[in-house]
Chemist: 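So that we are looking at the same thing, I have put the structure below in structure tokens.
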Protein chains: 2
Amino acid sequence: MSEAPSGTDTRARIQDVALELFTEHGYEKTSLREIADRLGVTKAALYYHFKSKEEIVQTLIEERTAVLEDLWSWIATQPRSAGTRREFIRRYAAELHRGRYHMQVMHLIERNPTLGQNISGVERMRGRLAELMALLSPPDASPQRRLKGSLGLIAIHASSVVLRDLDLTDEERLAAALDVALELVD
Amino acid sequence: MSEAPSGTDTRARIQDVALELFTEHGYEKTSLREIADRLGVTKAALYYHFKSKEEIVQTLIEERTAVLEDLWSWIATQPRSAGTRREFIRRYAAELHRGRYHMQVMHLIERNPTLGQNISGVERMRGRLAELMALLSPPDASPQRRLKGSLGLIAIHASSVVLRDLDLTDEERLAAALDVALELVD
DNA sequence: GTCTATATCGGGATAGAC
DNA sequence: GTCTATCCCGATATAGAC
């Protein structure tokens, strides 16, 4: 699933490069020529693997949506307790270790307002994310508690940017974010 | 400064509409034709007031950067105490009441990765924002504390999105965010 | 599976009249 | 201060050869 058999799987290599450029320069600003150039192929080659630019980003997003929906299925069956929320945060963080570009895709959809108006699947993902955030506080929580719960997830996403200048490894950054997130959902 | 003499000041009306569309659909995706249409003028008319699309967004950003720099000048002269941080958060929140589109511009720069590569002034703003976030925790703080301090500011920015479905007024939302932010920088 | 060549479109920007 | 008309470019996407 997230193996990247770096030899022949051009399709996966396209996704890799596209995601990197989309997150770096934005979806709209990234041209297919740029992607093709970096791969050492031509634009037309991309169209053999994907029928449009949209489809490239769609496949990326659908893979990550599946992850969110798995997490949602799990949490929906659990009691709405602090213990559940803490366990959720741990599972979410673990996912960041496994799927190699979960975080990047999250940044992509957070930072590209244009995705979602046209691109199917993005709205569903944003919806799932909102639902998960709502579940990170007790059912009858005050707005303050609601916000803190949501900030638990946001902390994890933001840590890589906010702690960038702090000379930590990715693991250390994630560990710190995990501490903060666990506290926020508690 | 943020008056909008709604009669004749076309320049301000262009900024208004542009900001709204930029934040809604993204900077790249918004065309000058769209802006002009909504104002009931033509593209060429925009070029009388601004020499380029970039200049429109630049003026927006420069006004908000000035605000951040004022806040920075103030906090730099204060002791790095919890009291200072709390007062900073209060001043920041107050600014959201005054300047009518401070928040929108913040969302704009957060969510458009493409701004900043080319557009002068954005990097300076991002830098100021990072510096301010760093000052929201003690000088020798752990990564955890650093992250929590930064989340104080982020809480304010995120509240409008995160608490959207909660049927609160903007004031109530901001008040809740303020509570959480004050706690986070403490 | 990748190439060259091309069709087509929409965007930013300018010239010059009113 | 706003208009019409136009230029120019880069982007997505397709056709068809190899």
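Chain letters run A, B, ... following the sequence lines, proteins first, then strands; residues in each count from 1.
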Chemist: Does C/dG10 have OP1 or OP2 sitting under 4.0 Å from an N or O in the side chain of B/S31?
Modeler: no
Chemist: Taking the side chain from B/T23 and the backbone from B/Q104, do they hold a donor-acceptor pair closer than 3.5 Å?
Modeler: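 Absent.
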Chemist: Rounded off to whole Å, could you give me the CD1-to-P distance for the A/I14 and D/dT12 pair?
Modeler: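 My rounded result for the distance is 14 Å.
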Chemist: Of all the nucleotides listed (D/dT14, C/dA13, C/dT2), which has the minimum atom distance to the side chain of B/K53?
Modeler: C/dA13
Chemist: Looking at every strand, decide which applies to A/T42 at a 4.0 Å heavy-atom threshold: base, sugar-phosphate, or nothing.
Modeler: base
Chemist: Can you check the B/I35 CD1 to C/dA13 C1' distance for me, whole Å?
Modeler: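 Going from B/I35 (CD1) to C/dA13 (C1'), I get 14 Å.
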Chemist: What is the separation between atom CG on A/D9 and atom P on C/dT2, rounded to the nearest whole Å?
Modeler: 11 Å
Chemist: To the nearest Å, give me how far apart CG (B/D37) and P (D/dC3) are.
Modeler: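 Roughly 11 Å, once rounded to whole Å.
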Chemist: If you only use heavy atoms from C-beta on, which nucleotide in D/dT2, C/dA13, C/dT2 is closest to the side chain of B/K43?
Modeler: C/dA13
Chemist: Check the distance between C/dG1's C1' and A/F50's CZ and give it to me in whole angstrom.
Modeler: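 Going from CZ in A/F50 over to C1' in C/dG1 covers 14 Å.
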Chemist: Please give, in whole Å, the distance from D/dT12 P to A/F22 CZ?
Modeler: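 Result: 9 Å.
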Chemist: Indicate yes or no: does A/R13 engage A/D9 in a salt bridge with an N to O separation below 4.0 Å.
Modeler: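 Answer for the salt bridge query: no.
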Chemist: Is there a donor-acceptor pair under 3.5 Å between the side chain of B/R173 and the backbone N or O of B/L168?
Modeler: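 Yes: the side chain of B/R173 pairs with the backbone of B/L168.
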Chemist: Whole angstrom is fine here: how far is it from OH in A/Y47 over to P in D/dT12?
Modeler: 6 Å
Chemist: When you check the side-chain N and O atoms of B/T59 and B/Q15, is any donor under 3.5 Å from an acceptor?
Modeler: yes
Chemist: Could you please name the option among C/dG11, C/dG1, D/dA11 that lies closest to any side-chain atom of A/H49?
Modeler: C/dG1
Chemist: Which whole-number value in Å describes the distance from A/Y48 OH to D/dA17 P?
Modeler: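 Answer to the nearest Å: 18 Å.
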Chemist: Look at the rings of B/H102 and B/Y92 and say which category their plane angle falls in: under 30° parallel, 30 to 60° tilted, over 60° perpendicular.
Modeler: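 Taking B/Y92 first and then B/H102, their aromatic rings stand perpendicular (interplane angle over 60°).
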Chemist: Counting side-chain heavy atoms from CB outward, which of C/dT4, C/dT2, D/dA13 is closest to A/A44?
Modeler: C/dT4
